[in-house]
Amino acid sequence: MLHALLVPDHLEEKLCIGLAFAVGSAVMPAVAVALVVLTRPLVAWLTGALVSLGVIVGFLLSRTVSLPDGSFSPSSPSPPPACG
């Protein structure tokens, strides 16, 4: 749910990143409900796994080769650590 709070900021910064955050924020709660409600939640498990994998790959790409029109590039300084 944290990503849902970041959607407006990311939509202003870069549309493609904001849309990715919005899609993930909408899909993952639906997956959680489906895991609880469905008697055979295989589709929910697969959807959750694919969305999670997409988030991880997107993060790794944004930090290594940069995303299209992204603000981060490998030659720029790394953002400060979240905790630390």
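Quick note: residue numbers are just sequence positions, from 1. Just so we're clear, the structure is a prediction, and the values are computed from it rather than from any experiment.
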_Transitive ILVMFWY cluster of L38, excluding itself - 4.5 Å side-chain cut-off_ = none
*When clusters are formed from ILVMFWY side-chain contacts under 4.5 Å, directly or step by step, what else is grouped with V37?*
V33
*Do you reckon F21 sits in the same ILVMFWY cluster as V27, going by side-chain contacts under 4.5 Å, direct or chained?*
no
Show me the donor-acceptor pairs, under 3.5 Å and distance only, between side chains in residues 39-59 and residues at least two apart or in other chains.
unit_1 : atom_1 : unit_2 : atom_2 : d
T47    : OG1    : V43    : O      : 2.8
S52    : OG     : G48    : O      : 2.9

